[in-house]
Amino acid sequence: LMGGDEIYHYHSKLMMKDAKSGGAFLWHQDYGYWYFNGCLYPEMASVFIPVDDCLKENGCLQVLAGSHKMGRIDHKTLGEQLGADPERVEQAKLALEHVHVEMKAGDMLFFHSNLLHTSNQNHSDLRRWVFIVAFNKKSNNPYMEHHHPRYTPLKMVDDSELLKCDVIENLEGKWFMNPTEDHSFKAGDKKFH
């Protein structure tokens, strides 16, 4: 799907919109953020995996079909979020199909990092949790350190090696990303203020 080059796990996250809660997201492209992490090309992808059924009622993903072909759109701070340029999004909405991506738990949607997408707040009685896994190409290794990992070669070992591992790191209280210390966050933040 990503052109045959070696890929690596860029990051994962669990998006939790509980019943009658969970914020709405502005229209954005993932590469709109990842650009500021030092990734030169938008040759990145995400896999969207619902833990719960995703319906219009509970804030399912919405996309503008084919918008990944538009290239990277400038992103700016809009309220408390970083979103794609609203004027450009409105023009894209006139030209492209707006799709509410309703999915069953366990389905998978693979999408390009330049796909414009959004989701509404969950006003329903249904929880909407989604697991998202992002991938990057080895050849697109970020040129700067940031809160997501850079490419690291993996050495394949036999499954039995996992049982021999006795190194356990306690992650209690550990920051995934501290916005006051992360270089790419600060660089992107300065760009938009």
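Note that the numbering runs from 1 along the sequence shown for the chain.
Classification of the Phe25-His28 ring pair by plane angle, with boundaries at 30° and 60°, yields tilted.
Side chain of Asn122 to main chain of Gly59: no donor-acceptor pair is present (N/O by atom type, distance under 3.5 Å, no hydrogens or angles). Formation of a donor-acceptor pair under 3.5 Å by the Glu57 side chain with backbone atoms of Ser124 is not found in this model. At distances below 3.5 Å, at least one donor-acceptor pair connects side-chain atoms of Asp53 with backbone N or O atoms of Ala105. No donor-acceptor distance shorter than 3.5 angstrom exists from the side chain of Ser113 to the backbone of Asp30, with no hydrogens or angles considered. Side chain of Gln29 to backbone of Ser67: no donor-acceptor contact under 3.5 angstrom is found. Without hydrogens or angle criteria, Tyr33 side chain to Leu82 main chain gives a donor-acceptor distance under 3.5 Å. With Tyr31 contributing its side chain and Cys39 its backbone, the two residues share a donor-acceptor pair below 3.5 Å.
With respect to the salt-bridge test (charged N to carboxylate O, under 4.0 angstrom), the residues Lys137 and Asp5 do not qualify. A salt bridge does not link Glu102 to Lys56: none of the charged side-chain nitrogens sits closer than 4.0 Å to a carboxylate oxygen.
Side-chain atoms of Tyr10 and Asn140 form no donor-acceptor pair, as typed in the model, at a separation below 3.5 Å.
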- Carefully, step by step, assess Asp74 and Arg72 under the rule salt bridge (Lys or Arg N to Asp or Glu O under 4.0 Å). CA-CA 7 Å; Asp74 286 339; Arg72 184 180 69 85; 3.8 Å; yes

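Ring centers of Trp34 and His146: at least 6.0 Å apart, outside the cut-off.
Rounding to the nearest 0.5 Å places CG of Leu64 at 3.5 Å from CH2 of Trp27.
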